[in-house]
Every structure is written in structure tokens, then in C-alpha cells.
2 protein chains.
Amino acid sequence: MASIKDVAAAAGVSVATVSRVLNAHPSVSADARTRVLAAVDSLGYRPNAVARSLRTDQTHTLGLVISDVLNPYFTELARSVEEEARALGYSVIIGNADERPDLQDHHVRNLLDRRIDGLLVSPTDGGSPLMLDAARAGTPMVFVDRWIPGVDVPVVRADGRAAVQDLVAHLHALGHRRVAIIAGPAATTTGSERVEAFRAALAAYGLPLPDVYIGQGDFQAASGRRVTEGFLDLPEPPDAVFAADNLMALGALDAVRARGLRVPDDIALAAFDDIPWFVHTDPPVTAIAQPTGELGRAAVRALVDRIEGRPAASVTLAARLVVRRSCGEAPETAGIIPTPSLPPVQRSTT
Amino acid sequence: MASIKDVAAAAGVSVATVSRVLNAHPSVSADARTRVLAAVDSLGYRPNAVARSLRTDQTHTLGLVISDVLNPYFTELARSVEEEARALGYSVIIGNADERPDLQDHHVRNLLDRRIDGLLVSPTDGGSPLMLDAARAGTPMVFVDRWIPGVDVPVVRADGRAAVQDLVAHLHALGHRRVAIIAGPAATTTGSERVEAFRAALAAYGLPLPDVYIGQGDFQAASGRRVTEGFLDLPEPPDAVFAADNLMALGALDAVRARGLRVPDDIALAAFDDIPWFVHTDPPVTAIAQPTGELGRAAVRALVDRIEGRPAASVTLAARLVVRRSCGEAPETAGIIPTPSLPPVQRSTT
DNA sequence: CTGAAAGCGCTTACAG
DNA sequence: CTGAAAGCGCTTACAG
């Protein structure tokens, strides 16, 4: 592979001059520029990004640590992150934690070792010392979707409370009274917040959320299956189940089907996170949709602000309920409930 | 961030000694080792991978350029690639081409500039000069899923011909005679091969595959929608449609539903690539399943063989038909047809 | 406008 | 077993 020296030799100039034309430095003669460009072309020279990074102490790379690539929500998030990053001149390296704190740590360490310019993370747990230390040490960082309380890092996420209230109103209107939730890990904010939002919304209708109706999942399909089986085995099974993410909803569908039962006739189902397939499932699944693409883009903008020395703001966007048929039919509520959408709340952080 | 110099100073040794203990070089005294380790620990030192890469000319990184991360098939492929790579001591950087040759080129260039040790690619087209040159120049490369003929690069893929024959037998048995295909781009091998396999299998039953029944898609949902609408507008619409990937099948479901029609009553549907949601769609979708995880792992092993100087072999695995209900009901063929599975064909390449 | 030189943080023969 | 030194491929003050 040709190096800058080869180009310099071929063009009859010093490596400094080659570097200058490559970096569009103004003080280079037209003549030198043409000779360098010709040499670059004929040698097929490409600057070594590794050497450049070592010298400039910038990699123009963002790290993205997500909890599970196989989750369509995170896949879409990752895609929008990469798009916005590319538009701003950054590449992104994705680390898939697979909902495992040890793997999350592996990726954070790997990314830090590579000296990425900034880190976008959707934490799988309360945060390892490694991640917390990095944040404290000033590594530009932004939490997206999930976050860790008490850490001074901007957070870009969706507030699902209003949508959860809409969902509970919907379930209540359809006559459901014994409602259960398949929760995510309590160590994650989305794991606990969704339970709390659900509990609060139920309380407004005088409905309880007893412990037996709170199933502990881990955001992956198998746990949705297991928890749902547990619900169905109860002396008094719930008549509606709210899965805190789309994969656990998939698991719930598996479990219901395996018993020969039907949604929504035997049990209603709703999910947090909407995905294209929910339109075509049997029945179509009522879900809470996040503005996923916008979250990804906003997170990148915040992180790049941090990296480039501008103040970065936290961003909270609203989620909305999309009613389909998995909670039962009720003509009058069909379609999208026009949630009085929260205006994007912006609070300045660092 | 502490550097190796800081560690050396703290431990009272030279940077050479620090480097040796970090790299498990045998000739270091026990005493020096303990002092270095203590210094590393107290400083929270982490070696700079950028500097190490510049020096050793290895990044321990694999590039993976895939056509579309949002496609669950590729998401699963990416996941298995990362897993196997991690097991072998490599990281992977994913580039999402989004079925766009220009984006594919962007990522190949970016990855090459970063001096990745090897490249795994599922080409979106016939290959740009950049990619072809890299292959010729000896950059370790392996094609996975899709490939480019005439380039001396190992190929890891699934052979779907037997499964397509099973599918055609299934369609024929259910009485379908006017069968159509939503093809992928002809510039991709999977785009053309699946059409050819389908055509050949139909020919065995004396069924034609007229041009009007070959819809040109691009492996993404919108094209599946568009092509299916075209089919439905035909004076004589097909009675069965085979989508060459799962996203175009999603688009087809959208189009059929939008017309108020039903699968399989009004039109049968089958897809290449099986995904977990197909079990729960209305109706469950008959699909051809690839051994996706195994493909990803085999591709990584082949690439790492190339990188580490061992001969790399091409690998072809069999795909299999999974019958569900989207082509019609026929009790006797329900379940998985036990395809006389092709033994994995291995031919040596480089 | 141009080049010689230092230096980014490592690794690794080479001497001792 | 250990250290001084060279060098990986760049960028960038500093002089001229």
C-alpha cells in the first residue's frame, strides 16, 4: 500500500506538501497541487486513517452500544444513528450487548481502546465502573433510549407516559380489568419506567397491578414466552398483557399460540415499540410507537455537539399509541388515537 | 488519558518493559511485572489501539459490508459474524449499503482507509472498481450470501435450488399454475439466481414464467408493494407470488391487504428467507430458510484463515423449505418438508 | 509557498 | 532480563 512518502517521491515534493494538498491547506502552489494529485491518482494512494488518528487524536468515529441488534427497534435506531453520523462526517462502530452487562462492558472497553471520539449508549444495566469512569473522565457520551440516573450525561429518549395512559384507557374501554405487564429488567430505565407508567395509569381507573401480574422479562423473546406461560398458569390469568418491548410480545404470541388460545379473544396483547410486522400479525398488534429515527438523529447531534465543544442538550420526545386489533374490537376507537402529543421537551444539560 | 510513558514512569521501568508485560512477553522479571501491573491498575491505563495498529500493521478488525441492516436476514447474519469474530479475537465494523452501490463504495473505502484486516461483503451490485481492485491487490476478502462472478474470492452462501424445487412442488400440488416472482436486482447473484432456480423448477412441471410475471424489485419493502400492485392490475393476475426476500414479502402483504384481498384465498405468497415473525403473520408465511448463523460463522472462519495465511475455502450450505399456510391448506404437506438436504459442498478456492 | 523535523503511542530487533 | 532507539504514517508549528 502506497504511503505518503511514495506520493511525495512521485510528485517531487516533501511529505508536508502532500499532506497540505490532502487536507486542503490554502498555501500550496497550483503546480505542486496538480503534481501531487496526479501522483495520488496514479498510485491509488489512500491516506492511512490509523496514522492520521494517532497524530490528530481524533478518529471521527462514534461508538454505539446497543442492547440487542436483533431487536428491530434498535436496528432502526442504529440505522438512523449511522445516517446522521455520516451526514456530519463521522463513522459509527456498533457494539451489540445482547442484553448482557459483560458484553456491554466488552464493547465499551473495545470502543474506548480504539479512541472513538464519543460514545452513544443505551445501557443494559445500571452501568459498570468502566462506563461510569469514562463518563466522569469526560469522554463525550450521550444516553439514548435507556439511561443511567445520577450520571451527568445528556439523555435522548421518548416519554411514553401519555401513550401508556392512552393504552390503559383503550384497555379499560374494552372491558379489560385484570391487566398484566411483561417488564424489562428493573436495572434498566425503560424496564422500570414502563411498569411505573402502567401502574400509574391503571391507578387512575382504580385498577391494581398486583405482583403476580408483573412478569420479569429481559426484553428478549424467550422471556416473553416464559412470563406469558406463567400468566396463563395462574388460577386467575390476566385478560390483557402489555409487553414492554416488541420481542417479548413475539414471545407472548408464541406462548398463546402454543396453548391453542387466541388473541384477543382469550387474552389481549399490546406492546411497547411498533414495528412494520405488527400490521400483518394475527391479529395486528396494538403498540406504542416511538419516534425512533428522530431519537437516533437527535442523539448523534447531541453527541457531536459535545465532541465539537458545543453545549449538548437532552431531548425528550413523545411516543404515541397505535391502536390495532390485539386488544379487542371497538369500532369507535379504531385507528390512531390522536394523542395530545407532548411538545418536545428540551432541557439543557452540558 | 495515561500513556505507556506514564506507566513506565510510575513503575520505574522503560516503556519497552511495560510493552513486554502487556504483550505477555516471557522475558520480564516477576518483580518488574508486578510493578508494571500495579501502575497500570492505579493509572487505569489502557493501551491505545490506534498506536498499536500503526506499529503492528494489524487492526484485529473485520469489515462487514451488507446490503441492508433493516433486513432481519442481514441483521442475523451480522450478529453471527460479530459473535464468531469476537471468539477469534476480532472486532467487526459494519457498513450498511442500503442496497445502494454508492453507499457500498463509501463503506468499502472507509473500511479500507481504516486498514481493517479483512473484508466480508455481500455485494449490492457487480462490484465497483474500488472493490475489485482491493480484491486483486490482495486485501483478504470473502463474499457472503451474494457474490461477484469472476473474482478470485471465496464465497460462503446457501444454495436454495432444492428448496425452490420443493416450493414449486408445493405450489403445484395446491393447484397454482399462474405463478409469479418478485425478483431482486439482476446485478446481484441472489437477484438472478433465485429467478433462474424458480424458472427451472417451474419448467419441470411444464409451467412457464412469462416476463409479465417477473417483477423487478430491489429487495426492499416498497418495491414488493409496487410489483405486487402491478401483478394485481394484470388482466390475468398470478395466483401465487414468490418474493425473493422477506422485505419484499412484507410489501406484498401490504399491497394485498390494501386491495382488501386475502392470502392465500385470493393469491398465494411465499418468501425467500425465513424470519420469526412469519409464524405469526396472517396467514403464517411459507418460506425458504437459510442456515444464516452458520453462514456468518463460516464466512468469518474463511476470512480469518485468509488473514492468518491459511488457505480459505468456499462453503455452500443448503436452504430448506418451511411450509406454513400462505400458499393454501393441504393437510398432507403441512409442516416442514424434509428436504433431502444437500450435504455442505466445500470447494477450495485460494 | 515549501521543507526539515518533531512527535502522536506504541512494538521490537539489537546490545548489553 | 532490560533499556535506548528506530520506525509505523501521518500533521503541523517553525524557519525560510
Side-chain angles (χ1 to χ4, degrees), chain A residues 1-40 43-61 89 109-117 137 139, chain B residues 1-37 39-40 43-61 89 109-117 139:
Chain A
M1 193 127 246
S3 85
I4 196 171
K5 278 187 196 165
D6 303 311
V7 176
V13 298
S14 72
V15 296
T17 298
V18 175
S19 177
R20 288 194 189 95
V21 350
L22 260 23
N23 293 290
H25 187 102
S27 36
V28 180
S29 68
D31 178 52
R33 181 181 313 278
T34 8
R35 296 214 315 280
V36 167
L37 260 16
V40 163
L43 291 172
Y45 171 72
R46 293 252 83 216
N48 182 328
V50 174
R52 178 177 284 178
S53 289
L54 179 60
R55 181 53 229 246
T56 61
D57 202 31
Q58 317 184 78
T59 51
H60 280 283
T61 305
R109 192 183 322 273
N110 181 252
L111 262 4
L112 256 19
D113 286 356
R114 287 165 181 275
R115 302 300 193 263
I116 42 117
D117 293 341
T139 305
Chain B
M1 194 127 247
S3 85
I4 196 171
K5 278 188 196 165
D6 303 312
V7 176
V13 297
S14 72
V15 296
T17 297
V18 176
S19 177
R20 288 196 190 93
V21 350
L22 260 23
N23 293 289
H25 186 101
S27 38
V28 179
S29 68
D31 178 52
R33 180 180 314 275
T34 7
R35 296 215 314 279
V36 167
L37 260 17
V40 164
L43 292 172
Y45 170 72
R46 292 254 82 215
N48 182 328
V50 174
R52 178 177 285 179
S53 289
L54 179 61
R55 180 53 227 248
T56 62
D57 202 31
Q58 321 184 74
T59 51
H60 280 282
T61 304
R109 192 184 321 275
N110 181 253
L111 261 3
L112 257 19
D113 286 356
R114 286 165 182 276
R115 302 300 192 264
I116 42 116
D117 292 341
T139 306

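Values below: all heavy atoms of this structure, side chains included; hydrogens, waters and symmetry mates excluded. Sequence lines set the chain letters: A, B, ... in the order given, protein chains first and strands last, and positions in each chain run from 1.
In this structure, A:Val13 reaches the sugar-phosphate backbone alone: every heavy-atom distance under 4.0 Å involves primed, P, OP1 or OP2 atoms, never a base. Residue contacts shown for B:Ser27 include a base, since a base heavy atom lies under 4.0 Å away. Counting non-hydrogen atoms under 4.0 angstrom, B:Ser3 reaches the backbone sugars and phosphates but no base. Counting any heavy atom pair closer than 4.0 Å across all strands shown, B:Ser19 reaches a base atom. If you check every strand for non-hydrogen atoms under 4.0 Å, B:Asn23 touches sugar and phosphate atoms only.
The side chain of A:Arg55 lies closest to C:dG7 when the candidates are C:dT11, C:dG7, C:dT2. When distances run from any side-chain atom of B:Val15 to the nucleotides C:dG3, D:dT11, C:dT11, the shortest one goes to C:dT11. Which of C:dC1, D:dC1, D:dG3 sits closest to the side chain of A:Ser29 comes down to C:dC1. Proximity note for A:Thr56 (side chain, C-beta onward) versus D:dC10, D:dT11, C:dC10: the nearest is D:dT11.
Across the protein-nucleic acid pair, A:Lys5 atom NZ and C:dG3 atom C1' stand 15 Å apart, rounded to whole Å. Counting to the nearest Å, the P atom of C:dG3 and the CG atom of A:Asp31 are 11 Å from each other. Distance B:Asp6 CG to C:dC8 P: 11 Å, rounded to the nearest Å. Separating the NE2 atom of B:His25 from the P atom of D:dG3 is a distance of 13 Å, rounded to the nearest angstrom. Atom CG in B:Asp57 sits about 14 Å away from atom C1' in C:dT12, given to the nearest Å. Across the protein-nucleic acid pair, A:Met1 atom CE and D:dC10 atom C1' stand 15 Å apart, rounded to whole Å. The nearest whole Å value for the distance from the CD atom in B:Gln58 to the P atom in C:dC10 is 17 Å. In this structure, CZ of B:Arg52 is placed 22 Å from P of D:dG7, rounded to the nearest angstrom.
At least one side-chain heavy atom of A:Arg35 sits less than 4.5 Å from a side-chain heavy atom of A:Val13. Between A:Val40 and A:Val21 there is no side-chain heavy-atom pair separated by less than 4.5 Å.
Residue-to-nucleotide proximity on DNA chain D shows that, of B:Leu54 and B:Ala32, the 5′-proximal contact is made by B:Ala32. When each of B:Val50 and B:Ala16 is assigned the nucleotide of DNA chain C bearing its nearest heavy atom, the one mapping closer to the 5' terminus is B:Val50.
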Exercise for the section: With side-chain contact (heavy atoms from CB on, under 4.5 Å) as the test, would you mind laying out the steps for B:Met1 and B:Ser3 before giving the verdict? Expected result: CA-CA 6 Å; B:Met1 194 127 247; B:Ser3 85; over 6 Å; no
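One can find a donor-acceptor pair under 3.5 Å joining the base of C:dG3 and the side-chain atoms of A:Arg20.
Using Watson-Crick or G-U wobble geometry with both donor-acceptor distances under 3.5 Å, C:dA13 finds no partner in any strand shown.
Under the 3.5 Å distance criterion, the side-chain polar atoms of B:Ser53 are matched with a main-chain donor or acceptor of B:Ala49.
A donor and an acceptor atom, one from each side chain of B:Arg114 and B:Asn110, are located under 3.5 Å apart.
Phosphate contact (OP1/OP2 of D:dG3, side-chain N/O of B:Thr17, threshold under 4.0 Å): present.
Nucleotides C:dT12 and C:dG16 are separated by 16 Å at their C1' atoms, to the nearest Å.
A salt bridge is defined here as a Lys NZ or Arg NE, NH1 or NH2 lying under 4.0 Å from an Asp or Glu carboxylate O, and A:Arg109 with A:Asp113 fails to meet this definition.
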